[in-house]
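Notes for the one structure printed next.
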Amino acid sequence: MAVVKWHEGLTAKHGQVLVASFMGWVFDGYETYALIVVLGPALGALLTPEQAAAHSLWAGIAVGVTLFGWGIGGLIGGVLADYIGRKRMMLISMILYALFSAITAFSQTIGELIALRFLTGLALGSEWSTGIALIAETWPERARAKGAGFLQSGFGWGGLLAALVWLVISYLQPLGDGSWRLMFVIGALPALLSLYVRRNLDESERWQQAVAEKQWSTTEAEVDRAAAADDKRPFTLTEIFRQPESRRRVLLTSALSMVTMVGWYGVSTWLPSHTAVLAKAQGLQDPSSWGAWIGTLYMLGAIVAYLLSGFLIDAIGRRSFLWLTYAGSLVMAPITYWLTTTATAMQIVAPINGFFTLGLAFSWMAIYPAELFTSTVRTTAASFIFNASRLVAGFFPIIAGSIIGGLGGVVTAALIISTVYVLGLVLPLWLPETRGKGLPG
């Protein structure tokens with residue numbers, strides 16, 4: 001009996017869906033990491049002398065406010081995508097993101113920067129859920145998880161792109177102390193990508209059929225068509241909480257999402273600046289470039305995890321994948337921030353840390369939630385799981401900044417906040433295993 005390869009049956013149309021969704025997520029990753037790598041010079045240029053005394057706190061606020069915007073925008077965009085379609089919502093998101101990213105480059109005060117970060121986050125939010133839904137609803141079953149993993153790798157490639165672009169800009173300094181502004185100008189490129197999406201991307205037929213047939217049940221376990229009796233569609237955001245099985249799945253996966261977000265934004269985002277401090281203590285030349293270099297290696301480790309995630313999760317199952325992810329993240333926190341005491345040693349540790357805390361920790365959200373919910377609520381559920389947790393996690397860069405200032409260093413903050421990964425080892429016990437069961441609805 002011939003073995004069917006995972007990629008057999010994929011067509012040019014499948015490739016176009018992947019390219020559009022992937023590139024949108026590339027620029028999301030770019031924008032997220034661009035903010036992190038330019039925070040130092042941006043705050044140096046925008047903070048008043050009085051504000052500069054609380055530099056870490058302002059850095060946490062800038063990242064946290066971006067998260068709040070991303071969470072709110074993602075939730076709104078995910079709901080809209082279940083009503084107006086995946087393609088249309090992706091177009092709107094790309095255009096608004098490009099606009100606000102470009103305007104960020106002209107910030108003159110810390111207040112303007114923070115306000116524009118919030119607006120950019122609003123636009124960024126819905127790109128992910130629309131892309132994930134399109135992959136899930138158009139790719140064949142044996143390739144679906146792999147495609148979602150490839151899409152998710154766009155965030156890592158975007159972060160790597162930001163790290164490399166910043167290496168060049170910080171070396172050349174074309175605008176002097178204002179060179180950090182160029183990072184946000186480059187972020188406006190998705191405006192061109194929107195032209196490709198408009199021309200080449202088709203709407204999800206699976207979603208169109210589910211809406212036409214009024215399939216309002218939220219999971220395969222709840223075939224509830226009573227709401228369709230009067231042809232009135234229930235509001236998707238309330239519906240995923242009204243039906244008991246759906247509510248249980250949303251709450252559990254949202255808690256897991258929060259574990260990922262808190263761990264990454266509260267711990268991992270400090271890695272470049274922490275490495276720069278180690279490099280300075282070690283007597284290395286240009287400590288800031290060491291921070292950028294370690295950030296690049298961290299992203300490379302995450303990209304490897306992204307690319308492998310679809311194959312790994314299909315091989316070991318969804319719950320085992322979650323256990324592996326959070327066990328690795330929990331172990332890597334003390335290794336990275338406590339046991340690793342030189343910037344040179346961080347070159348080995350950082351990519352391993354990125355493999356778990358960014359690569360695997362975010363990949364499951366691109367694959368697993370789509371298998372838990374039906375087509376008429378898929379982007380609503382996925383965006384809630386992915387984005388609502390940002391509204392909580394958004395406080396943790398601010399909390400981490402306060403801990404750093406109050407307790408004297410990144411190491412203490414990292415070790416305290418990383419204990420959240422323990423929850424990731426417990427919560428999967430109550431979630432269903434969906435490997436090989438196909439996409440519901």
Side-chain angles (χ1 to χ4, degrees), residues 32-33 35-36 39-40 43 53-68 70-71 252 254-281 291 294-295 298 301-302 322-343 345-346 349-362 365 388-428:
T32 300
Y33 207 65
L35 174 61
I36 292 168
L39 264 180
L43 294 181
H55 185 280
S56 295
L57 180 59
W58 282 108
I61 291 172
V63 175
V65 166
T66 302
L67 284 179
F68 292 138
W70 201 336
L252 286 170
S254 294
L256 281 172
S257 176
M258 189 179 71
V259 169
T260 290
M261 301 294 180
V262 169
W264 198 75
Y265 286 101
V267 180
S268 298
T269 53
W270 296 98
L271 188 56
S273 59
H274 175 63
T275 301
V277 172
L278 294 180
K280 184 177 181 179
I294 293 303
Y298 177 88
L322 292 170
W323 284 321
L324 173 65
T325 295
Y326 294 117
S329 298
L330 184 62
V331 169
M332 287 308 301
I335 291 175
T336 303
Y337 290 95
W338 183 34
L339 298 179
T340 304
T341 56
T342 66
M346 195 67 79
V349 174
I352 301 173
N353 188 303
F355 184 91
F356 288 102
T357 63
L358 180 57
L360 296 189
F362 280 85
M365 287 185 273
S389 60
R390 294 179 185 274
L391 298 176
V392 178
F395 288 103
F396 280 84
I398 303 171
I399 292 171
S402 299
I403 294 175
I404 291 169
L407 298 182
V410 171
V411 174
T412 302
L415 293 179
I416 291 174
I417 296 176
S418 66
T419 56
V420 72
Y421 289 124
V422 173
L423 285 175
L425 303 177
V426 178
L427 294 174

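From a predicted model like this one, the values you see are computed outputs, not experimental measurements.
The OG atom of S257 sits 7.5 Å away from atom CZ of F362, with the distance rounded to the nearest 0.5 Å. For the atom pair OG (S268) and NE2 (H274), the distance works out to 11.5 Å, reported to the nearest 0.5 Å. Rounding to the nearest 0.5 angstrom, the gap separating the CD1 atom in I294 from the OG atom in S273 is 12.5 Å. If you take OH on Y298 and CG on L271, they are separated by 7.0 Å, rounding to the nearest 0.5 Å. To the nearest 0.5 Å, the span separating CG on L425 from CG on L324 amounts to 10.5 Å.
Screening residues 414-426 for side-chain hydrogen bond (donor to acceptor under 3.5 Å, both in side chains), with sequence neighbours left out, gives no hits.
Contact check for L278 versus T342: no side-chain heavy atoms found under the 4.5 Å cut-off. Under the 4.5 Å side-chain criterion, counting only non-hydrogen atoms from C-beta, P272 is in contact with Y33. When side chains are defined from C-beta on, Y326 counts as touching T260, because their heavy atoms get closer than 4.5 Å.
Heavy atoms only, all atoms of each residue included: P351 and M346 are closest at CD-O, 4.2 Å. Residues A62 and L39 share a closest heavy-atom pair of CB-CD2, 3.9 Å. The heavy-atom pair separating L423 from P428 by the smallest distance is O-CD, 4.4 Å. Between V259 and V420, the shortest heavy-atom distance links the atoms CG1-O, 3.6 Å. The nearest pair of heavy atoms linking G424 to L256 is CA-CD2, 3.8 Å.
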Under 3.5 Å, which donor-acceptor pairs link side chains of residues 334-341 to any protein atom two or more places apart or in another chain?
from, atom 1, to, atom 2, distance (Å)
T336, OG1, M332, O, 2.7
T336, OG1, N353, ND2, 2.7
Y337, OH, V267, O, 2.8
T340, OG1, I335, O, 2.6

